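Report on the following structure.
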Amino acid sequence: MALAFISNSIAFSSSSSSRAEQVVQLNSTSFQPSDRCHLVSPAVLKLSPKRSRSVKALNAESRRSGSIVPSAAITCAPDVMEKPVEVEDFEQLAKDLENSSPLEIMDKALEKYGNEIAIAFSGAEDVALIEYAHLTGRPFRVFSLDTGRLNPETYKFFDAVEKHYNIRIEYMFPDSVEVQALVRTKGLFSFYEDGHQECCRVRKVRPLRRALKGLRAWITGQRKDQSPGTRSQVPVVQVDPVFEGLDGGSGSLVKWNPVANVAGNDIWNFLRTMDVPINSLHAQGYVSIGCEPCTRAVLPGQHEREGRWWWEDAKAKECGLHKGNIKEETVNGNESDTLHANGSVSDIFNSSDILNLTRPGMENLLKMEDRKDPWIVVLYAPWCQFCQAMEASYVEFAEKLGGSGVKVGKFRADGDEKAFAQQELQLGSFPTILFFPKHSSRPIKYSSEKRDVDSLTAFVSALR
Ligand code: SF4
């Protein structure tokens with residue numbers, strides 16, 4: 001079976017060798033299924049003149065034998081001339097572009113990669129990327145992951161964007177066999193029970209991986225202010241640390257983040273100024289938008305990432321899509337890049353206002369039913385970037401509480417202490433903050449991801 005896009009008398013064949021004989025024709029006004037194609041349902045396909053140029057298949061994954069889903073969301077496309085391998089210093093390029101506007105960065109990206117780059121569109125305010133691409137006047141491509149769990153508002157928004165820009169979004173769908181296996185085994189809402197990683201892997205990461213295998217570069221809406229812990233180092237361009245591109249292997253894909261340095265407010269000012277369509281969920285308090293069961297509105301003052309996977313701990317607050325932002329914990333529990341040359345790692349939370357608790361100290365604290373003073377204790381690992389990120393505020397918080405009667409402590413809970421901390425101290429991830437009330441043996445876990453001085457102070461004031 002093959003796709004039949006009848007248009008402009010251009011005959012295309014899929015670039016995938018397994019589909020080499022799947023010849024398609026493209027027409028700017030109509031799209032017809034032929035007896036050689038079952039990959040895309042019949043629909044009218046309109047392409048803008050700009051986009052009627054050669055397009056490489058987003059999905060370059062070869063057909064899997066035995067699957068009833070040969071390869072979802074294929075956009076059949078012509079072969080593209082082989083280019084010589086380009087060796088470029090992307091760190092230097094990122095430095096050169098650090099002060100460039102998003103429009104300049106977008107223009108550079110599209111100029112450099114032509115139809116081998118595509119914008120990843122989530123259906124939220126990253127519509128700004130599409131507007132910037134549109135403003136360059138260059139042809140551009142957009143793809144999106146349809147997880148099957150999006151809000152109806154998001155689907156309507158996709159449609160509005162397609163109409164506004166006269167484009168077709170290249171949707172990527174999960175493998176139905178994998179979704180079926182997951183849902184039949186674990187139910188529709190397994191992510192509330194055992195975390196979002198597995199479902200995201202099936203519905204998002206694998207389709208994304210397939211999409212990227214057909215590209216040499218992609219464009220994301222990642223911003224430094226979206227997740228202070230994990231995205232504070234996002235460069236405007238980088239060799240993708242996680243995914244592979246067309247040529248395969250590490251370093252084969254480049255990731256462009258044109259709005260890395262733009263604040264959320266400025267994105268919204270831009271969208272308003274340019275009268276760009278927006279997802280109606282934003283008017284209901286949604287900031288970050290993803291799948292319906294895993295996204296919620298946030299209150300004024302709450303960080304946008306608190307609207308995603310709110311039932312999980314902060315460390316897991318990345319979908320795997322931009323996993324390179326999180327330094328993986330190695331087998332021995334340390335992050336290799338924070339280790340000193342001699343294998344040691346500097347301690348953190350060093351302040352005379354913070355008491356360093358040992359294992360017996362913690363055991364004592366747990367045993368007491370009638371403490372002289374309440375305690376607040378951070379369970380930490382010095383190599384953990386989230387602990388490092390809250391160090392300054394915790395030190396200031398301890399200083400502020402000096403003389404208040406509340407004791408502030410720290411307990412290093414990695415390595416040999418990890419199992420104890422997991423069993424006895426509710427340690428799920430680092431950092432975990434516990435309040436030990438004066439008249440109760442049971443510690444109360446601080447569940448917010450806001451670890452600034454005011455939030456910690458409010459927590460203690462509410463419980464002491
Ligand atoms: Fe599944 Fe939620 Fe991830 Fe969507 S965001 S893929 S529903 S876990």
Side-chain angles (χ1 to χ4, degrees), residues 58-59 61 67 69 71-73 120-127 142-158 161 169-213 218 220-223 226-227 229-231 242-243 279-282 284-298 302-326 328 428-429 447 449:
L58 255 186
N59 184 341
E61 188 182 63
S67 170
V69 182
S71 43
F121 177 43
S122 73
E125 83 277 15
D126 54 354
V127 66
V142 180
F143 74 94
S144 197
L145 309 176
D146 183 349
T147 62
R149 304 298 292 264
L150 303 177
N151 295 75
E153 289 89 342
T154 301
Y155 289 110
K156 285 182 189 152
F157 178 47
F158 283 150
V161 168
I169 296 170
E170 298 172 52
Y171 298 104
M172 297 299 297
F173 297 91
D175 183 319
S176 67
V177 174
E178 290 181 1
V179 172
Q180 201 169 282
L182 173 67
V183 172
R184 286 187 180 178
T185 314
K186 295 190 162 184
L188 282 165
F189 296 95
S190 59
F191 35 85
Y192 291 142
E193 306 296 324
D194 57 9
H196 71 276
Q197 308 293 354
E198 186 176 10
C199 181
C200 277
R201 192 160 49 244
V202 169
R203 293 182 186 269
K204 285 182 169 179
V205 180
R206 286 180 185 154
L208 175 67
R209 199 180 292 281
R210 288 204 311 270
L212 297 178
K213 282 289 280 178
W218 62 312
T220 84
Q222 280 190 286
R223 301 194 318 271
Q226 279 172 319
S227 188
T230 57
R231 296 190 176 181
V242 177
F243 294 104
N279 192 324
S280 62
L281 287 172
H282 292 300
Q284 299 171 38
Y286 287 74
V287 179
S288 180
I289 292 175
C291 294
E292 185 276 332
C294 302
T295 311
R296 64 177 181 179
V298 292
Q302 263 189 308
H303 195 276
E304 66 182 77
R305 300 296 290 180
E306 291 184 66
R308 303 290 294 277
W309 306 299
W310 56 93
W311 63 92
E312 295 180 13
D313 286 312
K315 183 172 179 180
K317 283 221 160 190
E318 290 289 317
C319 199
L321 304 188
H322 305 292
K323 201 175 160 198
N325 299 335
I326 298 179
E328 292 291 306
S429 64
S447 53
E449 289 152 30

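Just so it is clear, the structure is predicted and the values come from calculations on it, not from any experiment. Whatever order the structure lists them in is the order used to number ligands and atoms, beginning at 1.
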Looking at [X] and [Y], would you say the former's side chain and the latter's main chain have a donor-acceptor pair under 3.5 Å?
X: T154; Y: L150; result: no
X: Y155; Y: D146; result: no
X: N279; Y: G123; result: yes

> In this structure, which one of F121, F158, Y171 forms a side-chain contact (heavy atoms from CB on, under 4.5 Å) with V142?
Replying inline: F121
> Which ligand 1 atoms, with their elements, are less than 4.0 angstrom from a heavy-atom of K204?
Replying inline: 5 (S)
>> Which of the numbered atoms in ligand 1 are under 4.0 angstrom from any heavy atom belonging to F191?
In response: 7 (S), 8 (S)
>> Report whether any nitrogen, oxygen or sulfur of C294 sits less than 2.8 Å from atom 2 (Fe) of ligand 1 (N, O or S, backbone or side chain).
In response: yes
>> Going by the rule salt bridge (Lys or Arg N to Asp or Glu O under 4.0 Å), which residues pair with K186 if we only count those two or more places apart in sequence or in a different chain?
In response: D194, E198
> Is the distance between atom 1 (Fe) of ligand 1 and the nearest N/O/S atom of H196 smaller than 2.8 Å?
Replying inline: no
> Which of these, C200, G195, P207, G290, has its nearest heavy atom closest to atom 6 (S) of ligand 1?
Replying inline: C200
